[in-house]
Amino acid sequence: MSSIGKIGFLGGGNMAKALAKGFISAGLTKPSGIIASVHPADKMSQQSFQALGIETVVENVPVVEQSQVVFVSVKPHVVPTVLKDIKPLSAGKLFLSVAMGVTLQTLESSLSPDSRVIRVMPNTPALVCAGCSVFVRGSQATDSDAQITQRLLEAVGTCEPVDESQLDIVTALSGSGPAYVFVMIEALADGAVRMGMDRQLAYRLASQTVLGSGQMVRQCAPTHPGQLKDQVTSPGGSTAAALKHLELAGFRAAVAGAVEAATERCRQISGN
């Protein structure tokens, strides 16, 4: 198994914090094995990293100097400036970019020809080691780099290789997907509360139901989700009545449309 070495984060946003905490929780590295650059004005992120025992700095150069694997986790519009600053130090490093819409070609042309680049798309459940991630190898990335990437991302959930052309759809589905699921959990709980249930109990039951249903879909593959739905639905029963209500309300079309709308927005941002 390839050695990972020290992990650096350029940027201290929510995804960087989720991944860093996930790597530590999974036992993949210790806090001393991570360093992050955080904007001086972002006191909250600085405190969050320091609470984990992770060293923070206000400049990007020390992160690249000290790390073997560097996550590019700044906002997409900041990426060109950041990469320009650290390009002279980038040779021999593995860069994993989570910046939405910034292509492999752009990343590779902004760094040393001797650097290696992989685009990754994780999601925030990595914070609780239940993330859903994909990655795309750059032209210089080696099999060893892919193994390191997979090891990192599988430590905080699942990980699959994809083509770069799929990344906007991935962003819309699994990247933004937790927000859709949170809305569904909230809606399930709201319905139960209206019927007289305690709200905290409703949240616990709704969230566990979503978690268990997702596990069933994965573990029962290749059984179609529709077949699993039918196993819950008795003729003339309460589930059948509920599903009719969702159908009349346009639930399926609304959720599919949300993924399509998010994909189109990603394509606008990335210029694809």
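What you see is a predicted model, and the numbers here were worked out from it, not measured in a lab.
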Measuring from atom OG of Ser165 to atom CG of Asp168, what distance do you get when rounded to the nearest 0.5 angstrom? 9.0 Å

Going by side-chain heavy atoms closer than 4.5 Å, which hydrophobic residues are tied to Leu228, directly or by a chain of links? Met216, Val217

Summary of salt bridge (charged side-chain N to carboxylate O under 4.0 Å, His left out) pairs that have at least one residue in residues 24-53, sequence neighbours excluded: none

Could you give me the CA-CA distance, side-chain angles and deciding distance for Gln268 and Arg265, then say whether side chain to side chain donor-acceptor pair (under 3.5 Å) is met? CA-CA 5 Å; Gln268 290 173 3; Arg265 180 55 180 153; 3.1 Å; yes

Residues in side chain to side chain donor-acceptor pair (under 3.5 Å) contact with Ser48, at least two apart in sequence or another chain: none

Donor-acceptor pairs are to be reported for all side-chain atoms of residues 123-139 against protein atoms at under 3.5 Å, with residues two or more places apart or in another chain.
| from | atom 1 | to | atom 2 | distance (Å) |
| --- | --- | --- | --- | --- |
| Asn123 | OD1 | Cys132 | N | 2.9 |
| Asn123 | ND2 | Ser174 | O | 3.0 |
| Arg137 | NH1 | Asp143 | OD1 | 2.9 |
| Arg137 | NH2 | Ala141 | O | 3.1 |
| Arg137 | NH2 | Asp143 | OD1 | 3.1 |
| Ser139 | OG | Glu108 | OE1 | 3.1 |
| Ser139 | OG | Glu108 | OE2 | 3.1 |

What's the spacing between His77 NE2 and Ile269 CD1 if we round to 0.5 Å? 12.0 Å

State, to 0.1 Å, how close Val38 and Ser45 come at their nearest heavy-atom pair, and which atoms those are. CG1-CB, 3.9 Å

Minimum-distance pair of heavy atoms, taken over all atoms of Gly12 and Lys17: O-CE, 3.6 Å

Hey, could you give me each pair passing salt bridge (charged side-chain N to carboxylate O under 4.0 Å, His left out) that has a residue in residues 56-83? Not counting sequence neighbours. none

Report the residues that fulfil side chain to side chain donor-acceptor pair (under 3.5 Å) with Ser112, sequence neighbours left out, ordered by chain and then residue number. none

Non-neighbouring partners of Glu164 that pass salt bridge (charged side-chain N to carboxylate O under 4.0 Å, His left out), sequence neighbours left out: Arg119

With sequence neighbours left out, write down each residue that passes salt bridge (charged side-chain N to carboxylate O under 4.0 Å, His left out) with Glu264, or none if nothing qualifies. Arg267

Taking only distance into account, with no hydrogens and no angle test, what donor-acceptor pairs under 3.5 Å do side-chain atoms of residues 235-253 form with protein atoms, sequence neighbours excluded?
none

For residues 153-161, run the donor-acceptor check on the side chains, cut-off 3.5 Å, and write out each pair with its distance to 0.1 Å, sequence neighbours left out.
| from | atom 1 | to | atom 2 | distance (Å) |
| --- | --- | --- | --- | --- |
| Glu154 | OE2 | Gln150 | NE2 | 3.2 |

Nearest-0.5 Å distance that lies between atom CG in Leu19 and atom CG in Leu152: 8.5 Å

Separation of Lys93 NZ from Ser115 OG (nearest 0.5 Å): 11.0 Å

Pairwise distance CG(Asp230) to OG1(Thr223) - rounded to 0.5 angstrom: 12.0 Å

List the atom pairs, with distances to 0.1 Å, where a side-chain N or O of residues 202-211 and a protein N or O form a donor-acceptor pair under 3.5 Å, not counting sequence neighbours.
| from | atom 1 | to | atom 2 | distance (Å) |
| --- | --- | --- | --- | --- |
| Tyr203 | OH | Arg199 | NH1 | 3.0 |
| Ser207 | OG | Tyr203 | O | 2.8 |
| Ser207 | OG | Arg204 | O | 3.1 |
| Thr209 | OG1 | Leu205 | O | 2.7 |

I need the full list of ring pair (Phe, Tyr, Trp, His ring centres under 6.0 Å) pairs touching residues 7-57, with sequence neighbours left out, sorted by first then second residue. Phe9-Phe71, Phe23-Phe71

Can you measure from CZ (Arg116) to CD1 (Ile148) and round to the nearest 0.5 angstrom? 7.0 Å

